[in-house]
**Q** 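Got a structure here, written out as structure tokens. Questions coming.
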Protein chains: 2
Amino acid sequence: MGRKRLQDAADGRPTVHTVAARAGVSIASASRVLNGIGGSAETVRRVREAAAAVGYVPNAIARSLQAQRTGLIALAVEDIGNPVYVAMMRAIEAVVAGSGHQLLVHATGGNVAGETALLRRLAHRYVDGMIISPIRVTDAHVEALTASPVPVVVVGQLPEEVPVDNVRADSRTGIALAVDHLVAAGRTRIGFVNGPLDTVPGAARDAGFRAAMARHGLAVDPATVEVGDFQYAAGRAAAERLLDRTEPDAIVCANDLIAVGALHALLVAGRRVPEDVALVGMDDTELAQMSFPQISSVSLGSAERGQLAAGLLLDRIADGTLAPRREHVAPSLAVRASSGGVR
Amino acid sequence: MGRKRLQDAADGRPTVHTVAARAGVSIASASRVLNGIGGSAETVRRVREAAAAVGYVPNAIARSLQAQRTGLIALAVEDIGNPVYVAMMRAIEAVVAGSGHQLLVHATGGNVAGETALLRRLAHRYVDGMIISPIRVTDAHVEALTASPVPVVVVGQLPEEVPVDNVRADSRTGIALAVDHLVAAGRTRIGFVNGPLDTVPGAARDAGFRAAMARHGLAVDPATVEVGDFQYAAGRAAAERLLDRTEPDAIVCANDLIAVGALHALLVAGRRVPEDVALVGMDDTELAQMSFPQISSVSLGSAERGQLAAGLLLDRIADGTLAPRREHVAPSLAVRASSGGVR
DNA sequence: TTGTAAGCGTTATCAA
DNA sequence: TTGATAACGCTTACAA
């Protein structure tokens, strides 16, 4: 800028220089006192007084530049409207708050181009690290992930060889939990409403469903399987299509948003839940408990995954040389009224 | 630090110096080319080539320090789990993305100390501006608000004299819309489940309810009014208490979370909705449409408020001398099955 | 303990 | 068009 160094900032707010001048000490002394390192009693007193008098507040950006950290951690999820991500976010926030970090939330819409662009933007170092939960993992992801100069933790499946900290759920087993439960309750005509098969969770849940059905010696009639996206409206529409074609005595849904949509479709169609059709969702979000009847749901441990991911990330931010780690969270089933539990 | 100036950054990543050295030009020329201003054809070519070769990416923090802006806008809401705030956030994001800003979301929990601390932290200038939607407004808020060196827009009621950009809904009239609708449908024993009366929206909705009832010549039996917080669980519990005491033929709820809770309580109690009891919520969130029956809800224009707030904020960031503005968004009623509409 | 000055990585000014 | 250099506001190494 070439402008002569003034005490105050360009916008007139006090800087260390302002405080130092007022206290009659050097900026170094002022800075030290302000950071609680050293200083004679007299210096401390005068700097504190000066700082208070002018209402000095350190500039976060300047401090970031010097410290080489922003104090920000990014969280990239597909859909911020899905309560499962809210739960995860809360768990992450609780952990990172302890290290003085703030959460920057990105909603990616599951868009591959957007996600990789986000990963590439990490090179700008606008955050100290990122937790990302991609529902599709492409080569572009893997490339951007490994090239990132900033620590990244992936929540979700990732190819074995990718050297990135990783927390994964087991939705395959989760779906099995749901199927086992329904079969044990005597249901045999089990429908399945899934998300897109070209997504990692969609593929895993499809495989899990088919494996579990096979294990029970139950054939999977193509007419009883429907696919939409992971949203309420798609779930409802998919369930409607399914009910048009078949007469299931149970429906497993790939997440709670879909399950709530399916419940809607069932009730509109005049089916009693669980008497005529049992229903099981996945993610075990608040939505499952807010519905009537309450919806049984497979918990994939969203809060725990968030907590673990945050821990991995903070560890790596503290020490970038750590070997990549991989954590697993086991699924569990919350049985509620929609599948015959206690209402 | 006293360390000799190296070309690469401390972490080994390329800087403008790296690029300049490789291209054989000054950092000034390199910077200019990188920012697309001037440079001879030859210089441009060499700088571009050097930048590509070393994989140069500008450092966001250094840029922020120089530009005196972070590119970040904070959004502070009470509860990120409430879909109404998700809708608002999406609307805001759509606007601020256009000016290259990112959203930093804070969940305040409606905590006064936390909110004022947040406002005071603005002095650190870690964001370019903030949109805050406090459910309580104290003197501490007003003080922090007016003292903020960074533009702030308040979504919600604010004392007239506070010179801050402000977007407000009219929940008083909104509640009237609900009551009018129920009265027109022949309901007379109208219950009300509200949030805390010491919150701004809680107080406005209480006043609105009483005024509307009075206008219709209906007495407000204290037994038909319940108060909890603005959450699902509280709404359900409050509705249960209300049903223990009285036999309403309609219930108005202060938001959709409460309405979903009340719906649950009604169905558990064996009431038919809307035949026995009509139900109207507020905020017109996805939740209202996802319920069965779908819940009529008063829209307070959350997306529109978010959009307006973002516009006000961007305008003020561009020109801090603007006179404070105040925008109003009118409520409207979405009639659905829960109050006798088409199912 | 204190002050001087370098440096964080960038952009902008100004003279050549 | 170009380069030297100051400046953004802060922390810290080093010498006094």
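In the text below, chain A, chain B and the rest are named by the order of the sequence lines, each starting its count at 1.
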**Q** Mark yes or no for a side-chain to base donor-acceptor pair under 3.5 Å between B/Arg13 and C/dG9, with no hydrogen or angle criteria applied.
**A**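 Flag unset: no donor-acceptor pair detected.
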**Q** Rounded to whole Å, how long is the line connecting atom CD1 of A/Ile61 with atom C1' of D/dA7?
**A**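 The answer, rounded to whole Å, is 15 Å.
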**Q** Verify the contact: side-chain N or O of A/Tyr126 to OP1 or OP2 of C/dG9, cut-off strictly under 4.0 Å; return yes or no.
**A**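 Indeed not, no polar side-chain atom of A/Tyr126 lies that close.
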**Q** What residues, two or more places apart in sequence or in another chain, satisfy salt bridge (charged side-chain N to carboxylate O under 4.0 Å, His left out) together with A/Arg45?
**A**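 Salt bridge (charged side-chain N to carboxylate O under 4.0 Å, His left out) list for A/Arg45, sorted by chain: A/Glu42, A/Glu49.
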**Q** How would you list, by chain and number, every residue that makes a side chain to side chain contact (heavy atoms under 4.5 Å, CB included) with B/Arg136, sequence neighbours excluded?
**A**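 Checked B/Arg136 against side chain to side chain contact (heavy atoms under 4.5 Å, CB included); matches are B/Val112, B/Pro196, B/Asp198, B/Thr199.
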**Q** Is there a residue in residues 37-50 of chain A whose heavy atoms reach under 4.0 Å of DNA chain D, and which residues are they?
**A**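 Here the set is empty: none.
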**Q** Do the side-chain N or O atoms of B/Ser31 get closer than 4.0 angstrom to the phosphate oxygens (OP1, OP2) of C/dT11?
**A**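 So the side-chain polar atoms of B/Ser31 do come within 4.0 Å of the phosphate oxygens OP1 or OP2 of C/dT11, strictly under.
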**Q** Can you list everything that forms a salt bridge (charged side-chain N to carboxylate O under 4.0 Å, His left out) with A/Arg326? Sequence neighbours excluded, please.
**A**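 Only A/Glu160 meet the salt bridge (charged side-chain N to carboxylate O under 4.0 Å, His left out) criterion with A/Arg326.
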**Q** Just wondering, are more than 12 heavy atoms of other shown residues or ligands nearer than 6.0 Å to CZ in B/Arg48?
**A**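 12 or below, so no.
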**Q** List the atom pairs, donor and acceptor, that lie under 3.5 Å between side-chain atoms in residues 149-158 of chain B and the rest of the protein, sequence neighbours left out.
**A**
from, atom 1, to, atom 2, distance (Å)
B/Gln157, OE1, B/Arg168, NH1, 3.2
B/Gln157, NE2, B/Ala169, O, 3.0

**Q** Name all residues meeting the side chain to side chain contact (heavy atoms under 4.5 Å, CB included) criterion together with B/Ala53; count only those two or more places apart in sequence or in a different chain, and write none if there are none.
**A**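 B/Ala53: side chain to side chain contact (heavy atoms under 4.5 Å, CB included) contacts with B/Arg22.
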**Q** Among D/dC10, D/dA13, D/dA7, which is the nearest nucleotide to the side chain of A/Thr15?
**A**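 For A/Thr15, the side-chain atoms sit closest to D/dC10.
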**Q** Looking at A/Asn35, I'd like to know whether one of its side-chain N or O atoms comes within less than 4.0 Å of OP1 or OP2 on D/dT11.
**A**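 For D/dT11, OP1 or OP2 has a side-chain N or O of A/Asn35 closer than 4.0 Å.
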**Q** Whole angstroms only, please: what is the CG-C1' distance between A/Asp8 and D/dC10?
**A**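 Taking CG of A/Asp8 and C1' of D/dC10, I get 15 Å after rounding.
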**Q** Within this structure, what is the CG-to-P distance between A/Leu65 and D/dT12, rounded to whole angstrom?
**A**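 Taking atom P of D/dT12 as the reference, CG of A/Leu65 is at 13 Å.
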**Q** Between the base of C/dG7 and the side chain of A/Gln66, is there a donor and acceptor pair under 3.5 angstrom?
**A**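 Answer yes: a donor N or O sits under 3.5 Å from an acceptor.
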**Q** Looking at the side chain of B/Pro58, which of C/dT13, D/dT11, C/dT10 is the nearest nucleotide?
**A**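 Taking heavy atoms from C-beta onward, the closest nucleotide is C/dT10.
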**Q** Looking only at the side chain of A/Arg32 (C-beta and beyond, no hydrogens), which of the listed nucleotides D/dG9, C/dT11, D/dC14 gets closest?
**A**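 Among the listed nucleotides, the one closest to the side chain of A/Arg32 is D/dC14.
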**Q** Scan residues 18-27 of chain B against DNA chain D and write down, sorted by residue number, each residue with any heavy atom closer than 4.0 Å; if none is found, say none.
**A**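 Contacting residues: B/Val25, B/Ser26, B/Ile27.
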**Q** If we fit an axis to the first five pairs and another to the last five of the helix from C/dT1-D/dA16 to C/dA16-D/dT1, what angle do they make, to the nearest 10°?
**A**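 If I round to tens, the end axes sit 50° apart.
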**Q** Find the distance B/Asn59:CG to D/dC8:C1' and express it as a whole number of Å.
**A**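 Rounded to whole Å, this separation is 13 Å.
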**Q** Among D/dG9, D/dA4, D/dT11, which nucleotide has an atom closest to any side-chain atom of A/Ala62?
**A**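 Looking only at side-chain atoms, A/Ala62 lies closest to D/dG9.
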**Q** Which pairs count as salt bridge (charged side-chain N to carboxylate O under 4.0 Å, His left out) when at least one residue sits in residues 304-324 of chain A, sequence neighbours excluded?
**A**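 Qualifying pairs: A/Asp165-A/Arg316, A/Asp315-A/Arg325.
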**Q** In the structure I gave you, are the side-chain heavy atoms of B/Leu312 and B/Glu327 within less than 4.5 Å of one another anywhere?
**A**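 With C-beta onward as the side chain, the pair touches.
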**Q** List for me each residue that meets side chain to side chain contact (heavy atoms under 4.5 Å, CB included) alongside B/Thr43, sequence neighbours excluded, and say none if there are none.
**A**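 So B/Thr43 forms a side chain to side chain contact (heavy atoms under 4.5 Å, CB included) with B/Val25, B/Ser29, B/Val33, B/Ser40, B/Val47.
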**Q** Take A/Ala30 and B/Ala67, find for each the nucleotide of DNA chain C with the closest heavy atom, and name the residue whose nucleotide sits nearer the 5' end.
**A**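 Taking each residue's closest nucleotide, the earlier one in sequence belongs to A/Ala30.
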**Q** Would you indicate which nucleotide in C/dG3, D/dT11, C/dC14 comes nearest to any side-chain atom of A/Ser29?
**A**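 In terms of side-chain proximity for A/Ser29, the closest of C/dG3, D/dT11, C/dC14 is C/dG3.
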**Q** Quick one: does A/Ser148's side chain have a donor or acceptor within less than 3.5 Å of a partner on A/Leu145's backbone?
**A**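 Not confirmed, A/Ser148 side chain does not pair with A/Leu145 backbone.
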**Q** Between P on D/dC10 and CG on A/Leu34, what's the gap in Å once rounded to a whole number?
**A**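 After rounding, the gap between these two atoms is 9 Å.
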**Q** Would you mind reading off the distance between A/Arg63 atom CZ and D/dT12 atom C1', rounded to a whole angstrom?
**A**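 Distance, rounded to whole Å: 13 Å.
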**Q** Is B/Gln68 close enough to D/dG9 that one of its side-chain N or O atoms is under 4.0 Å from OP1 or OP2 there?
**A**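 Indeed, a polar side-chain atom of B/Gln68 lies that close.
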**Q** Of all residues at least two apart in sequence or in a different chain, which pass the side-chain hydrogen bond (donor to acceptor under 3.5 Å, both in side chains) check with B/Glu115?
**A**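 For B/Glu115, the residues satisfying side-chain hydrogen bond (donor to acceptor under 3.5 Å, both in side chains) (neighbours in sequence not counted) are B/Thr108, B/His141.
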**Q** Roughly, in whole Å, what's the span from NE2 in B/His17 to P in C/dG7?
**A**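 For the pair B/His17 NE2 and C/dG7 P, the rounded distance is 10 Å.
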**Q** By side-chain hydrogen bond (donor to acceptor under 3.5 Å, both in side chains), which residues pair with B/Asn82, not counting sequence neighbours?
**A**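 Result, side-chain hydrogen bond (donor to acceptor under 3.5 Å, both in side chains) vs B/Asn82: none returned.
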**Q** Between B/Leu104 and B/Tyr126, is any pair of side-chain heavy atoms under 4.5 Å apart?
**A**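 B/Leu104 vs B/Tyr126: side chains touch.
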